[in-house]
Amino acid sequence: MNIIFLGKPGAGKGTQAKKIADYYRIPHISTGEMFRTAYQEKTPLGVEAHDNYWGAGKLVPDDTTVKLVKERLAKDDCRNGFILDGFPRTVQQAEDLDKIVSIDHTLYIDAPDKICIKRIAGRRNCPTCHKDYNIHFNPPKNDMQCDVCAVALVQRKDDTETIVRQRLLVYEQQTAPLVRHYVKNIVRIVDNGKKTIDALFAEIITALGK
Ligand code: AMP
């Protein structure tokens, strides 16, 4: 099953994509995580993408991002499907993806800006095992430490309020038009901020099928 996932920053794509990947036993491919890992490893691509683009809330250029995704999708573990989280983000990326693979489902979580901003402000991550937390909705057991590794949790560099507003603007201008591109096979899930992570997940699985 080949799935792509649309939704604003903070809509909960990462959290749901990990659960979907576990459920269907397909790889979870997050371009944002690929860029963050490349930056941590200080590869030339990682440093360039951070310094000029994602560190400022801007999109990394299409050709760089498409090349990265194309290489990832060519790996053996994608043969039975994948879930792409955060890609495509522009019409150009969607058109390029159409030339590489066919997509079975386009998931779209529709959530209001206010909820996305609150979620992002509370988002924390373990730098060692990469487990996600949210200080409002899914806090760690011990004050700001990972439940598994006991190391201090960190906030993403692009999760500060100014950069989040820039990312939401970029989403409206460049990514929201993709809803029209995928209109034929889109599954729209509305998140009014009152549903639990598990309730949303159940809704997604029902829509996608077993
Ligand atoms: P995310 O973790 O999906 O929120 O992505 C974090 C940042 O990585 C984004 O704000 C972009 O700067 C960059 N990024 C991730 N995916 C893409 C993409 N498909 N195209 C361009 N830039 C991307």
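When a ligand or atom number is given, it counts from 1 through the structure's own listing order.
In terms of polar-atom proximity, Pro88 is not counted as a contact of ligand 1, lacking any N or O under 3.5 Å from an N or O of the ligand.
Counting heavy atoms closer than 4.0 Å to ligand 1, residue Phe35 contributes side-chain atoms (C-beta onward) but none from N, CA, C or O. Contacts between Asp158 and ligand 1 below 4.0 angstrom, taking non-hydrogen atoms only, involve the side chain exclusively. For Lys58, every heavy-atom contact with ligand 1 shorter than 4.0 Å involves the backbone, none the side chain. When non-hydrogen atoms are compared, ligand 1 lies under 4.0 Å from neither the backbone nor the side chain of His50. With a 4.0 Å cut-off on non-hydrogen atoms, Val60 touches ligand 1 through its backbone as well as its side chain.
Among protein heavy atoms, atom 7 (C) of ligand 1 sits closest to Trp54 CB, 3.7 Å. Thr31 OG1, 2.7 Å is the protein heavy atom nearest to atom 16 (N) of ligand 1. Nearest protein heavy-atom contact of atom 2 (O) of ligand 1 is Arg36 NH1, 2.9 Å. For atom 15 (C) of ligand 1, the closest non-hydrogen atom on the protein side is Arg89 NH1, 3.3 Å.
The CG atom of Leu59 sits 6.0 Å away from the CZ atom of Arg89 when rounded to the nearest 0.5 Å. In this structure, Lys194 NZ and Ile115 CD1 are separated by 7.5 Å, a value rounded to the nearest 0.5 Å.
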- Any chance you could lay out the salt bridge (charged side-chain N to carboxylate O under 4.0 Å, His left out) test for Arg165 and Asp113, step after step, and finish with the verdict? CA-CA 9 Å; Arg165 290 198 185 277; Asp113 279 12; over 6 Å; no

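Here the shortest heavy-atom pairing between His136 and Gly122 reads CD2-CA, 3.7 Å.
For Gln16 (side chain) and Ile197 (main-chain N/O), a donor-acceptor pair under 3.5 Å exists by modelled atom type. Side-chain atoms of Asn125 do not come within 3.5 Å of backbone N or O of Arg156 as any donor-acceptor pair.
For ligand 1, the atoms sitting less than 4.0 Å from at least one non-hydrogen atom of Gln93 are 18 (C), 19 (N), 20 (N), 21 (C), numbered in the order shown with element in parentheses. In the vicinity of Thr65, heavy-atom distances shorter than 4.0 Å reach the ligand 1 atoms 18 (C), 19 (N), 20 (N), 21 (C). For ligand 1 and Gly32, the ligand atoms under 4.0 Å from any heavy atom of the residue are 1 (P), 2 (O), 5 (O), 6 (C), 8 (O), 15 (C), 16 (N).
Under a cut-off of 6.0 angstrom, the local environment of NZ in Lys19 is crowded, with over 12 non-hydrogen atoms contributed by other residues, nucleotides or ligands. Counting non-hydrogen atoms of other residues, nucleotides and ligands closer than 6.0 Å to CG of Asp143 gives a total of 12 or fewer.
Of the candidates Arg167, Lys13, Arg156, Arg156 brings a heavy atom nearest to atom 6 (C) of ligand 1.
Aromatic ring orientation, His50 versus Tyr39: parallel (interplanar angle below 30°, classes split at 30° and 60°).
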